[in-house]
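Numbering of ligands and ligand atoms starts at 1, following listing order.
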Amino acid sequence: MDRAEKYYLILTFGCQMNERDSESLSGMLEDLGYSPTESQEDADIIILNTCCVRETAESKVFGLLGRLRKRKTANPNLIIGVCGCMTQQEDAAKRIRHSFPFVDLIFGTHNVHELPRMLQQVQENKEAVLEIWTSEKGIAEDVPVRRKDKLKAWVTIMYGCNNFCSYCIVPYVRGRERSRKPEDIFKEIKELVKEGYKEVTLLGQNVNSYGKDLENTYRFADLLLDLDQIEGLERIRFMTSHPRDFDRRLIQVIASCRKVCEHYHLPVQAGSNRVLKQMNRGYTREHYLELIREIRRAVPGASITADIMVGFPGETEEDFEQTLDLVQQVRFDSAFTFIYNTRSGTPAAKMEQVPEAIKSERIQRLIELQNKISFENNRMEEGKVLEVLVEGVTKSNADRLAGRTRTNKLVVFDGPLELSGSLVPVRIKQGRLNLLEGEQVPHNTMDMC
Ligand code: SAH
Ligand code: SF4
Ligand code: F3S
């Protein structure tokens, strides 16, 4: 490798918000003349963009930092940075400083756009920089971006969260809700379409409250209606939705917008009203079930997925059975399932905890039930012709293509690489647990959804 060139490696943990932030970090580093590398050995700068939503996410970062110590000894010119949600917590930032003194740069979620200045400071002064803003200061627009994908793009429409679910650390590390101006979102998406992007996913911790902090009455539903008019854009997705704020108007709008895909990720977390109340979620199981019924009435064939948690403090066997019952009633297409994990500083940390053995037993039962339903739902797709946005070839077979339906299901089928980036009708032959197998059919066969 030519050492006149400089290389960067960003390792990202956590959710899509972090993935998107890492694309900005990449953009800024490339503007500074760095090129991407996958290899730690070749990198001149390594940045860990961290998550702290559960302990496992934090342990991974500490483990990785431990291993990077050797690399720094071997190459003292290597710059190591840590940013993201974890460093936004004072304790974690202190621990990194103390246990991993070789880290050159520590910054948080609110000053990602300041990377070039902080990096220059590290290089010029040859000393570590720790800069964490305790609160947000507006939104930085026009930050360079280097996206991972050429077809599908993440577009953050709002930052932060005001909900303070009693188990969750996110509002403490991501700050209050701030919506981007509609015109900035438009500008970004129109440029994406010009570059050939077909799909955007609008990101926010609770996209349904988009606009509430803006001065006008422009809300999430208005944004979708307007984005639906952008010529050349094929698919619009969004995440995450909060069941409390997913209102009737939004249901009408998603049903009327052609480009808005029929997949809604609606984290339910728990099926027991008592637990939902303790979680500070702001809705009941009845509200949630009615919401799903209304969505399915307005958008037949809609795919619903969720985040579900077991072992929240005080969760009894009856509470948990209410979760299983809700899962059975809704029949989610898939679900991210989590074992509750104590996050210090959150109200739930002080509540009476459920023993680990019970939590493990419950998650097993939940996963088993959800897998059964996911598989059955996928079998129900057999025989249908679905529109697939082809993303490329599968890792194991160069003649096999992979893509997603509008309902966000993964489909694999035989076909040439040239189909990448196009919308192809595929007849589903076999539904499996996590994907659908199909065959390409002529365009006029489409009864696609
Ligand atoms: N804003 C989104 C998701 C935020 S974090 C929402 O409200 O749905 C993603 C998921 O992590 C959450 O939906 C929740 O299921 C899970 N999660 C958050 N805090 C957790 C904790 N302390 N323990 C276990 N899972 C947690
Ligand atoms: Fe966390 Fe709740 Fe906000 Fe989601 S809505 S980020 S779970 S506080
Ligand atoms: Fe993790 Fe931060 Fe996302 S805590 S889940 S990376 S908002």
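Annotation for ligand 1: atoms under 4.0 Å from non-hydrogen atoms of Met309 are 14 (C), 15 (O), 17 (N), 25 (N), 26 (C). Listed by number with element, the atoms of ligand 2 under 4.0 Å from a non-hydrogen atom of Arg281 are 2 (Fe), 7 (S). Distances below 4.0 Å separate heavy atoms of Gln205 from the following atoms of ligand 1: 1 (N), 2 (C), 3 (C), 4 (C). Heavy-atom proximity to Cys168, at under 4.0 Å, picks out these atoms of ligand 2: 1 (Fe), 6 (S), 7 (S), 8 (S). The distance from ligand 1 to the heavy atoms of Tyr340 drops below 4.0 Å at these ligand atoms: 23 (N), 24 (C). With ligand atoms numbered from 1 in the order given, ligand 3 contributes 1 (Fe), 4 (S), 5 (S) to contacts under 4.0 Å with heavy atoms of Val53. Applying the 4.0 Å criterion to heavy atoms of Val170 picks out, from ligand 2, the atoms 6 (S). Each of the atoms 8 (S) of ligand 2 lies under 4.0 Å from some heavy atom of Pro171. Interface atoms of ligand 1 facing Arg281, defined by a heavy-atom separation under 4.0 Å, are 7 (O). Per-residue contacts place Asp307 under 4.0 angstrom from the following atoms of ligand 1 (heavy atoms of the residue considered): 9 (C), 10 (C), 12 (C), 13 (O), 15 (O). Near Gln269, meaning under 4.0 Å from one of its heavy atoms, ligand 1 places the atoms 8 (O), 12 (C), 13 (O), 14 (C), 15 (O). Residue contact check: Arg343 has heavy atoms under 4.0 Å from atoms 22 (N) of ligand 1. Near Asn18, the atoms of ligand 3 lying under 4.0 angstrom from a non-hydrogen atom of the residue are 6 (S). Annotation for ligand 2: atoms under 4.0 Å from non-hydrogen atoms of Phe164 are 8 (S). Close contacts of ligand 2 with Cys161, meaning ligand atoms under 4.0 Å from a residue heavy atom, involve 3 (Fe), 5 (S), 6 (S), 8 (S). Within the listing of ligand 1, atoms 8 (O) sit less than 4.0 angstrom from a heavy atom of Pro267.
Side-chain contact between Lys148 and Trp154 is absent, with no heavy atoms from C-beta onward closer than 4.5 Å.
Taking 2.8 Å as the criterion, Cys51 counts as a coordinating residue of atom 1 (Fe) of ligand 3, since one of its N, O or S atoms falls below it. Backbone or side-chain N, O or S atoms of Cys165 do not reach atom 1 (Fe) of ligand 2 at under 2.8 Å.
Not close to ligand 1: His242, with no non-hydrogen atom less than 4.0 angstrom away. Heavy-atom separations between Glu55 and ligand 1 are all 4.0 Å or longer. Using a 4.0 angstrom heavy-atom cutoff, Asn206 does not count as in contact with ligand 1. Heavy atoms of Gln205 approach ligand 3 to within less than 4.0 angstrom. Ligand 2 has no atom lying under 4.0 Å from any heavy atom of Arg174. The shortest separation from a heavy atom of Arg174 to ligand 3 is under 4.0 Å, placing the residue in contact.
By the 4.0 Å N-to-carboxylate-O rule, Lys187 lies too far from Glu183 to be salt-bridged with it. Between Glu290 and Arg293 there is a salt bridge, since a side-chain N of the basic residue sits under 4.0 Å from a carboxylate O of the acidic one. The existence of a salt bridge linking Glu315 and Arg362 is confirmed by a sub-4.0 Å separation between a basic side-chain nitrogen and an acidic carboxylate oxygen. We find that Lys372 and Glu368 are not joined by a salt bridge, their nearest charged nitrogen and carboxylate oxygen being 4.0 Å or further apart. Here Arg147 does not pair with Glu195 in a salt bridge; the nearest charged N to carboxylate O distance is not below 4.0 Å. A salt bridge links Arg235 to Glu387: at least one charged side-chain nitrogen sits closer than 4.0 Å to a carboxylate oxygen. Ion pairing between Arg95 and Glu58 fails under the 4.0 Å rule for side-chain N and carboxylate O.
The single protein non-hydrogen atom nearest to atom 2 (Fe) of ligand 3 is Cys85 SG, 2.2 Å, given as residue, atom name and distance. In terms of protein heavy-atom proximity, atom 5 (S) of ligand 2 is closest to Asn163 ND2, 3.3 Å.
Using modelled atom types, no side-chain atom of Thr284 and backbone atom of Asn273 make a donor-acceptor pair closer than 3.5 Å.
The residue from Thr240, Val207, Thr346, Ile339 that puts a heavy atom closest to atom 6 (C) of ligand 1 is Thr240.
Between Tyr210 and Phe238, the gap from one ring centroid to the other reaches at least 6.0 Å. Less than 6.0 angstrom separates the ring centroid of His242 from the ring centroid of Tyr283.
With a heavy-atom cut-off of 4.0 Å, Phe338 touches ligand 1 through its side chain alone. Using a 4.0 Å cut-off between heavy atoms, Cys15 contacts ligand 3 through both its backbone and its side chain. Under 4.0 angstrom from ligand 1, there are no non-hydrogen atoms of Gln16.
The side-chain hydrogen bond (donor to acceptor under 3.5 Å, both in side chains) with Glu391 is formed by just one residue from the set Lys150, Lys152, Lys198; it is Lys152.
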